[in-house]
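Chain letters run A, B, ... following the sequence lines, proteins first, then strands; residues in each count from 1. Model, not experiment: these values are computed from the prediction.
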There are 2 protein chains.
Amino acid sequence: MQRKSFSGMNCSIARSLEEVGEWWSLLIVREMTQGMNRFDQFQKELGIARNILTARLERLTELGIVERYPLPDRASTEGYRLTPKGEDLYPVLLAMLRWGNRYKVDEPPLQLVHKSCGHNIDPLMVCNGCKEELHRRELRAYFTETAW
Amino acid sequence: MQRKSFSGMNCSIARSLEEVGEWWSLLIVREMTQGMNRFDQFQKELGIARNILTARLERLTELGIVERYPLPDRASTEGYRLTPKGEDLYPVLLAMLRWGNRYKVDEPPLQLVHKSCGHNIDPLMVCNGCKEELHRRELRAYFTETAW
DNA sequence: CAGTATCCTCGAGGATACTG
DNA sequence: CAGTATCCTCGAGGATACTG
């Protein structure tokens, strides 16, 4: 990103985008949530250029979103997997999945099932206090009015 | 995006990124959730180049995320605001805000308050059925295993 | 104030051949 | 199989002067 530094923007969303707001990053993370863990799997699955994949994996590793680990079956190589920080991107993926499903009627939306309760999932963003769904007008920012 | 078409990817996340996965788009949407509605406000607030802002607003409008509307106070010009489709990006912003707050300890995280219950919010992604927080291992995709 | 027009930079991404 | 190396394209983004 050749944009001027956005770290000074004091905005968590801008900072998040700085780390994973680039196309392939989130898709790689998605693959990892699906259990993909090897270079060629990502490459084949996503159709990404090999050099770019190398660069993305390096960056995600630097940022602590991805880590290497020894593959149990194949002694020679290491796989990639999400760190806790990476796992924590799951809600972002869910939110995007939901939105994408909702506004792309041309393709059948993918339905997710919650194993523990059996429910078809429409992921909901709720307040951890009252468990009510969050809507933007019901929120107030704590320190400033406009900066997130 | 000069990537080959990702519409064939059959992945809601990819399709979402296709629409708003570009840096400025989500930040513009964020500004709109904060009530910003005029060209120069976005430009000044975000520090985005004017021609780029024009392009982004056009694209967001084409995609049905943003719409024009007559400004009540100033008769001559129209403002920009989110459509329902645009408003529905709110959970995505919340998920990113949460993640950004969580992993950027150097800056004081912005706290959100839920007006209706007074709680400090840590937005939670829950199952709409059982209201339990969603974790990736508890989900099963309905049609295919790997495609989201 | 809300853009449009012009010109420029540069990095993200692609393609592909090669290597331990 | 997991990359690295090379070379290339092109569009996103910036800066800035101008206009109704």
Side-chain angles (χ1 to χ4, degrees), chain A residues 1-9 14 17-29 31-32 35-63 66-81, chain B residues 1-9 14 17-29 31-32 35-63 66-81:
Chain A
M1 319 201 165
Q2 80 282 35
R3 306 168 192 95
K4 44 190 168 176
S5 171
F6 284 98
S7 33
M9 224 171 170
L17 288 171
E18 193 82 56
E19 298 204 355
V20 292
E22 166 281 331
W23 233 87
W24 288 121
S25 298
L26 269 182
L27 291 180
I28 293 171
V29 169
E31 292 304 313
M32 292 191 192
M36 303 281 109
N37 55 10
R38 293 199 343 272
F39 188 91
D40 274 28
Q41 285 181 316
F42 301 131
Q43 201 277 316
K44 197 172 175 185
E45 203 69 33
L46 296 173
I48 183 177
R50 305 177 76 78
N51 53 348
I52 300 301
L53 177 55
T54 301
R56 286 291 145 270
L57 287 171
E58 266 170 15
R59 175 150 174 77
L60 288 170
T61 305
E62 277 169 23
L63 292 169
V66 161
E67 65 186 0
R68 311 298 307 261
Y69 71 110
L71 289 172
D73 40 335
R74 41 182 80 232
S76 56
T77 30
E78 295 192 300
Y80 295 91
R81 70 178 169 198
Chain B
M1 318 201 168
Q2 80 282 36
R3 305 168 192 95
K4 45 190 166 178
S5 170
F6 284 98
S7 31
M9 224 173 172
L17 288 170
E18 194 83 55
E19 299 204 356
V20 292
E22 166 282 331
W23 233 87
W24 288 120
S25 297
L26 269 183
L27 291 180
I28 293 171
V29 170
E31 292 302 314
M32 291 191 192
M36 302 282 107
N37 56 8
R38 293 199 343 273
F39 189 90
D40 274 28
Q41 284 181 316
F42 301 131
Q43 200 278 318
K44 197 172 176 187
E45 203 68 35
L46 296 172
I48 183 177
R50 305 177 76 78
N51 52 349
I52 300 301
L53 178 55
T54 300
R56 286 291 145 268
L57 287 170
E58 265 169 16
R59 175 149 175 77
L60 289 170
T61 305
E62 276 168 25
L63 292 169
V66 160
E67 65 187 2
R68 310 300 306 261
Y69 72 109
L71 289 172
D73 41 336
R74 41 182 79 230
S76 57
T77 32
E78 294 193 300
Y80 296 91
R81 70 177 168 200

Peer 1: Roughly how far apart are A:T54 OG1 and A:Q43 CD, rounded to 0.5 Å?
Peer 2: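 Reported to 0.5 Å precision, the distance equals 9.5 Å.
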Peer 1: In this structure, how many angstroms lie between the P atom of C:dG11 and the CD atom of A:E18, rounded?
Peer 2: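 So the two atoms are 13 Å apart, to the nearest Å.
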Peer 1: Please state how far atom NZ in A:K44 lies from atom P in C:dA15, giving the value in whole angstrom units.
Peer 2: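 Atom NZ in A:K44 sits about 17 Å away from atom P in C:dA15.
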Peer 1: Name all stems that contain residues of DNA chain D, defined as runs of 3 or more consecutive Watson-Crick or G-U wobble pairs, both distances under 3.5 Å.
Peer 2: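 Ordered by first number, the stems with DNA chain D (at least 3 consecutive pairs each) read C:1-20 with D:1-20.
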Peer 1: Roughly how many Å is it from CG in A:L46 to P in C:dG13, rounded to a whole number?
Peer 2: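 Going from A:L46 (CG) to C:dG13 (P), I get 12 Å.
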Peer 1: For A:I28 and C:dA12, give me the distance from atom CD1 to atom P, rounded to whole Å.
Peer 2: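 Rounded to whole Å, this separation is 13 Å.
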Peer 1: I want to verify a distance call: between C:dA2, D:dG14, C:dG13, whose nearest atom is closest to the B:T77 side chain?
Peer 2: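 Of all the options, the side chain of B:T77 is nearest to C:dA2.
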Peer 1: Once you round to the nearest 0.5 Å, how far does NZ of B:K44 lie from CE of B:M36?
Peer 2: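 B:K44 atom NZ to B:M36 atom CE measures 10.5 Å (nearest 0.5 Å).
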Peer 1: Rounded to the nearest 0.5 Å, what separation is found between the CE atom of B:M32 and the CG atom of B:L60?
Peer 2: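 Taking CE in B:M32 and CG in B:L60, the distance rounds to 6.5 Å.
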Peer 1: Would you kindly give the CZ-to-C1' distance between B:F42 and D:dG13, to the nearest whole Å?
Peer 2: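 Roughly 18 Å, once rounded to whole Å.
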Peer 1: In whole angstrom, what separates B:I52's CD1 from D:dG13's P?
Peer 2: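 From B:I52 CD1 to D:dG13 P: 6 Å.
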Peer 1: At their closest point, which heavy atom of A:E19 faces which heavy atom of A:S25, and how far apart are they?
Peer 2: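 Closest approach of A:E19 to A:S25, heavy atoms only: O-OG, 4.3 Å.
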Peer 1: Is the phosphate of C:dG11, meaning OP1 or OP2, less than 4.0 Å from a side-chain N or O of A:W23?
Peer 2: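 Negative; the distance criterion is not met.
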Peer 1: Report which part of the nucleic acid B:R59 touches: base, sugar-phosphate, or nothing (heavy-atom distance under 4.0 Å, all strands).
Peer 2: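 Since no nucleic acid heavy atom lies under 4.0 Å of B:R59, the category is nothing.
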Peer 1: What is the separation between atom CD on B:E45 and atom P on C:dA2, rounded to the nearest whole Å?
Peer 2: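 Between P of C:dA2 and CD of B:E45: 14 Å.
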Peer 1: Nearest 0.5 Å, please: how far is CD in A:E58 from CG in A:L63?
Peer 2: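 Atom-to-atom, A:L63:CG and A:E58:CD are 11.5 Å apart.
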Peer 1: Look for any protein N or O under 3.5 Å of an N or O in nucleotides 3-6 of chain C and output each such pair with its distance, or none.
Peer 2:
residue: C:dG3; atom: OP2; partner: B:R68; partner atom: NH2; Å: 3.4
residue: C:dG3; atom: OP2; partner: B:Y80; partner atom: OH; Å: 2.8
residue: C:dG3; atom: N7; partner: B:R50; partner atom: NE; Å: 2.8
residue: C:dG3; atom: N7; partner: B:R50; partner atom: NH2; Å: 2.5
residue: C:dG3; atom: O6; partner: B:R50; partner atom: NE; Å: 3.1
residue: C:dT6; atom: O4; partner: B:N51; partner atom: ND2; Å: 3.0

Peer 1: Assign each of B:Q41 and A:A49 to its nearest nucleotide of DNA chain C by heavy atoms, then name whichever residue's nucleotide is nearer the 5' end.
Peer 2: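 Comparing both residues, the 5'-ward one is B:Q41.
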Peer 1: Could you measure the distance from the CG atom of B:L57 to the CZ atom of B:F42? Nearest 0.5 Å is fine.
Peer 2: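 It is 6.0 Å, given to the nearest 0.5 Å.
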Peer 1: Mapping B:R56 and A:N37 to their closest nucleotides on DNA chain D, which lands nearer the 5' end?
Peer 2: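 Result: A:N37.
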Peer 1: How many whole angstroms separate atom CD of B:Q43 from atom C1' of D:dA15?
Peer 2: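 Distance, rounded to whole Å: 11 Å.
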Peer 1: Where is the tightest heavy-atom contact between B:L71 and B:R38, given as atom of each residue plus distance?
Peer 2: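 Between these two residues, the closest heavy atoms are CD1-CD, 3.6 Å.
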Peer 1: What is the distance from atom CD of B:E31 to atom CG of B:L46, rounded to the nearest 0.5 Å?
Peer 2: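 The CG atom of B:L46 is 4.5 Å from CD of B:E31, to the nearest 0.5 Å.
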Peer 1: Answer yes or no on whether B:R68 is positioned over the face of B:Y80, meaning its NZ or CZ is under 6.0 Å from the six-membered ring centre and within 45° of the axis.
Peer 2: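 Yes, a cation-pi geometry.
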